[in-house]
Amino acid sequence: MRLEDPSASALGIEEFVDEFTHCFTGECRVSVLPVLFQISRIITDSADLAGSLPLILKVMRHQLKMRRGMVTLYDRTSETVFVQDSFGLSDDEKARGITVPGDGVTGKVLESGQPIVARGLNGVSSPSTRPADRPRSRRAEAAFICVPIVHAQKVLGTIGAERMYMNPRLMKQDAEILTMIASMIGPAAELYLMENLEKGPLESENRRLKNVLRQHFRPQNIIGTSKSMQDVYDLIHKVAAAKATVLILGESGVGKELVANAIHFNGPAAEGPFVKSNCAALPESLAESELFGHERGAFTGALTLHKGSFEMAHGGTIFLDEVGELSLPVQAKLLRVLQERTFERVGGSKPIKVDVRIIAATNRNLAEMVEKGTFREDLYYRLNVFPITVPPLRDRGSDVITLADHFVTAFAAENGKTIKRISTPALNMLMSYHWPGNVRELENVIERSVILSEDDVIHAYDLPPSLQTSKESGTAFGVGLESKLHAVEYEMIVEALKNSNGHVGDAAKELGLTRRMLGIRMERYQITYKTFRTADVPGGPRSR
C-alpha cells in the first residue's frame, strides 16, 4: 500500500522535502497552527490585550524563532506610536521606541496601513529603525517584518519582528502569520486604547458638556423677572436638591421642559442620564414597551431585547411629558414603579430595580380627570408630591418684552441680520395679545418677524395677522394693501409723537405734514398726544 501525503502532492516532492528539512532548522510553520488556534480562543474569550500580548510574543519568540519583536500602539491624542510590549529589546531601546506616523518602518506601516518587509537589517533597535541607519555585518541577511493592526478600517498600531531567514518563502509566510495575529487582536487593541488612552479625554469632554448643560439650565437662565416666575424659581431651587417626584403643571408652550431640565441639572443626579419621554406621542400599543422595555420574542417584531426609558434613566432622571395621556393599564404599571422602583419588561418575569428620579408634566387638569375616572387617583397623589405651576405668558407682564428681546437677538444672529429694536406699535401689539400658545408662540412670532424685517427694526406690520386685528392692536387694520398702508402710517405717527415727547407741531414737522393734517390722522387712529407727554409711553422704557 502506498501512502500519499497531501502536503507532498500540494507542494511537489522537492518542495515538500525542502519544507520537511526546514522543520529541523526551526523554519517549519506546521506546528504553529495549534498555537494560533489557542491565541484565537484566548482573544475571543477575554478580549484583553494586556493578557493576550505575552502569549503572542511568546509564540513569536519560541515557535517562530524571532530574535526581537514588539507590539506598538498609536496614541491619537498625542499622535505618537509607542511600544506596548516587546521581547529582545533593551530598556534603552524601549525608551527610544516612541515615534510618529511616517517615521521609520513602523511609522510608514502605521501611515500606509500596509505591511513592510525590510531585508538586510542588522537587527531592530526601535520602532523607528531605518534600513539606511543599520550597518551591514554578520547579520546582514536579517529581515524586519512589520504589519499593521487594523480594526474597522482604523490603523491602531503594528506588530514587528526581526529574524534571520534561509528560506525567502518562509519570510512571506511569517508576514502572513503576523498579519493574521494582528487582525485577531484588532478589536482588543481598540478597546484597550479607548479604555486607557481615549477614555480620559472623553470623560473630560463629557464633564465639560454636562457643566455647560448645568449652566445653561440654571433657574437663573430661564428668562423672566415677573413675580409669578420668581415664585417658580424659588420652588425649583428648593426641590432640586431633593429626590422627590415633581409634577409640573401649565398650559402648552409655557416651558415645562425647561423647568424639568433645571431641576435635573441642579440636583444630585445631574451626572446621571436625563431621559425624556413624550407620553402623548406614544401609541397605546407601544407605550408600555417604550417606557419599560420588552424581552426578545415578547410580541411579533420583538427580535431583540429592548431597554425602556426607565431602565435607560437608571442613576438619573426620567421626564414624563404629557403624563395625562397615558392609558389606564400603563398608569397601573407606572404606579408600581413610583411605589417600589421596580418593574418587569414586556414578556419578562424578572423584576428590574431602578434608581431614578421621576419628573412628570401635563397641560391637563388631572384632578378633573380623576373625577371622570380617566386618571388613577392613587397615581395622581403619587405624582403630586411637589407640584410646580408654570404661569401662562399672558400673566407674566413685562416678561413678554424680555422674552421678545431675547428671541430677536437669537434669531437675528441665526439669520445673519442686525435687528436693533422693536418699534413701539409692535411692542404694544405684543403686550396686548393674549398668547394662547404662550412662550412657544412668541418664539415663532419673533422668528417670523426677524425674517420679514427689511431694516434694523421689527415693525408692527412684520408681526403675523393674528396680532394685527382690531381687537388685539386697537386699530382697524386688516391684511390687504390699503390696510398695510394704514399700519405703516399709524406706526410712523406713533414714532414721531414719541420722539417729540407728545408735541404735535414737532411731530408734524418730522413727518412733513401740517399740524391740522396730523391731527386728522391722529383722530382717525384714536391717538392722543397726552399718551406721549411722559417718559412712560406704551410699552414702557424698553420701547425703543
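Numbering starts at 1 and runs along the sequence shown.
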Checklist entry - Hey, what do you get for CG (Leu393) to CD (Glu443), rounding to the nearest 0.5 Å? => result 12.0 Å
Going by atom type alone, with no hydrogens or angles, which donor-acceptor pairs under 3.5 Å involve a side-chain atom of residues 351-363 and a protein atom two or more places apart or on another chain?
{"from": "Lys353", "atom 1": "NZ", "to": "Glu340", "atom 2": "O", "distance (Å)": "3.4"}
{"from": "Asp355", "atom 1": "OD1", "to": "Lys243", "atom 2": "NZ", "distance (Å)": "2.9"}
{"from": "Arg357", "atom 1": "NE", "to": "Ala244", "atom 2": "O", "distance (Å)": "3.1"}
{"from": "Arg357", "atom 1": "NH1", "to": "Ala240", "atom 2": "O", "distance (Å)": "3.3"}
{"from": "Arg357", "atom 1": "NH1", "to": "Ala242", "atom 2": "O", "distance (Å)": "2.6"}
{"from": "Arg357", "atom 1": "NH2", "to": "Val239", "atom 2": "O", "distance (Å)": "2.7"}
{"from": "Arg357", "atom 1": "NH2", "to": "Ala242", "atom 2": "O", "distance (Å)": "3.2"}
{"from": "Arg357", "atom 1": "NH2", "to": "Ala244", "atom 2": "O", "distance (Å)": "3.3"}
{"from": "Thr362", "atom 1": "OG1", "to": "Arg364", "atom 2": "N", "distance (Å)": "3.0"}

Checklist entry - Between OH of Tyr74 and CD of Glu111, what distance do you get to the nearest 0.5 Å? => result 9.5 Å
Next on the checklist: For a quick test of reading the model, state the closest non-hydrogen atom pair linking Ser309 to Ile318 and the distance between them.
Outcome noted: CB-CD1, 3.7 Å
Item to check | Residue list, ring-ring contact (aromatic ring centres under 6.0 Å, His included) with His264, at least two apart or on another chain | outcome: Phe274
Checklist entry - Strictly by modelled atom types, are Arg382 and Thr245 linked by a side-chain donor-acceptor pair under 3.5 Å? => result no
Checklist entry - Checking Asp399 side chain against Ser226 main chain: does a donor-acceptor pair fall under 3.5 Å? => result yes
Checklist entry - Taking the side chain as C-beta and beyond, is there a heavy-atom pair between Asn261 and Lys276 under 4.5 Å? => result yes
Checklist outcome for this item: Tightest non-hydrogen contact, residues Trp435 and Val400, listed as NE1-CG1, 4.0 Å
Checklist entry - Stepwise, does the side-chain contact (heavy atoms from CB on, under 4.5 Å) test hold for Gln339 with Asp378? => result CA-CA 10 Å; Gln339 291 175 331; Asp378 45 6; 5.6 Å; no
Checklist entry - Quick one: CG on Asn384 to CG on Leu379, what's the gap to the nearest 0.5 Å? => result 10.5 Å
Next on the checklist: I'd like to check Ile159 versus Ile181 (side-chain heavy atoms, cut-off strictly below 4.5 Å). Are they in contact?
Outcome noted: yes
Item to check | Sequence neighbours excluded - ring-ring contact (aromatic ring centres under 6.0 Å, His included) pairs with any residue from residues 378-410 | outcome: none
Checklist entry - Which atom names give the shortest non-hydrogen contact between Val254 and Pro391, and what distance separates them? => result CG1-O, 3.8 Å
Item to check | Test side-chain contact (heavy atoms from CB on, under 4.5 Å) applied to Leu258 and Val439, step by step | outcome: CA-CA 11 Å; Leu258 283 177; Val439 179; over 6 Å; no
Checklist entry - Backbone N or O of Ala175 within a donor-acceptor pair of the Thr179 side chain at under 3.5 Å? => result yes
Item to check | Ser277 and Glu290, any side-chain heavy atoms less than 4.5 Å apart | outcome: no
Next on the checklist: Main chain of Ala280, side chain of Glu322: is a donor-acceptor contact present, judged purely on distance under 3.5 Å?
Outcome noted: no
Item to check | Between NZ on residue Lys172 and CG on residue Asp174, distance to nearest 0.5 Å | outcome: 12.5 Å
Checklist entry - Do you know which two heavy atoms are closest between Ile419 and Ser453, and how far apart they sit? => result CD1-OG, 3.7 Å
Checklist entry - Can you tell me if Asn438 uses its side chain to pair, donor with acceptor, with the backbone of Arg440 under 3.5 Å? => result no
Item to check | Gln331 side, atom CD; Arg376 side, atom CZ - distance, nearest 0.5 Å | outcome: 7.5 Å
Next on the checklist: Apply side-chain contact (heavy atoms from CB on, under 4.5 Å) to residues His306 and Thr304 and explain how you reach the verdict.
Outcome noted: CA-CA 6 Å; His306 170 69; Thr304 59; 5.7 Å; no
Item to check | Check: Tyr433 side chain, Leu442 main-chain N or O, donor-acceptor pair, under 3.5 Å | outcome: no
Checklist entry - Under a 4.5 Å cut-off applied to non-hydrogen side-chain atoms, are Leu247 and Leu366 in contact? => result yes
Checklist outcome for this item: Checking Thr158, Ile56, Ile149, Val147 against Leu178 for side-chain contact (heavy atoms from CB on, under 4.5 Å), the one that qualifies is Val147
Next on the checklist: Tell me if a side-chain donor or acceptor on Lys256 pairs with a main-chain N or O of Gly250 at a distance below 3.5 Å.
Outcome noted: yes
Checklist entry - Do the side chain of Ser183 and the main chain of Met180 share a donor and acceptor less than 3.5 angstrom apart? => result yes
Item to check | Val450 side chain reached by Ile458 side chain, heavy atoms, under 4.5 Å | outcome: yes
Checklist entry - Quick one: are Glu288 and Pro329 in side-chain contact, heavy atoms under 4.5 Å? => result no
Checklist entry - What are the two closest heavy atoms between Pro148 and Val109, and how far apart are they? => result N-CG1, 3.6 Å
Item to check | Flag, side chain of Thr317 to backbone of Ala313, donor-acceptor distance under 3.5 Å | outcome: no
Checklist entry - Going through the checks in order, is the side-chain contact (heavy atoms from CB on, under 4.5 Å) test met by Arg394 and Glu251? => result CA-CA 11 Å; Arg394 60 182 173 273; Glu251 298 177 5; 2.4 Å; yes
Checklist entry - Hey, does Val323 have a side-chain heavy atom less than 4.5 Å from the side chain of Leu334? => result yes
Item to check | Taking every non-hydrogen atom, the tightest pair across Ala189 and Leu73 | outcome: CB-CD2, 4.2 Å
Checklist entry - Does some side-chain heavy atom of Lys417 sit less than 4.5 Å from a side-chain heavy atom of Phe411? => result no
Item to check | Test: Glu344 and Arg336 ion pair at under 4.0 Å | outcome: yes
Next on the checklist: Treating Asp462 as the side-chain partner and His459 as the backbone partner, does any N or O pair qualify as donor plus acceptor under 3.5 Å?
Outcome noted: yes
Checklist entry - How long is the span from the CG atom in Leu467 to the CG atom in Asn428, to the nearest 0.5 Å? => result 11.5 Å
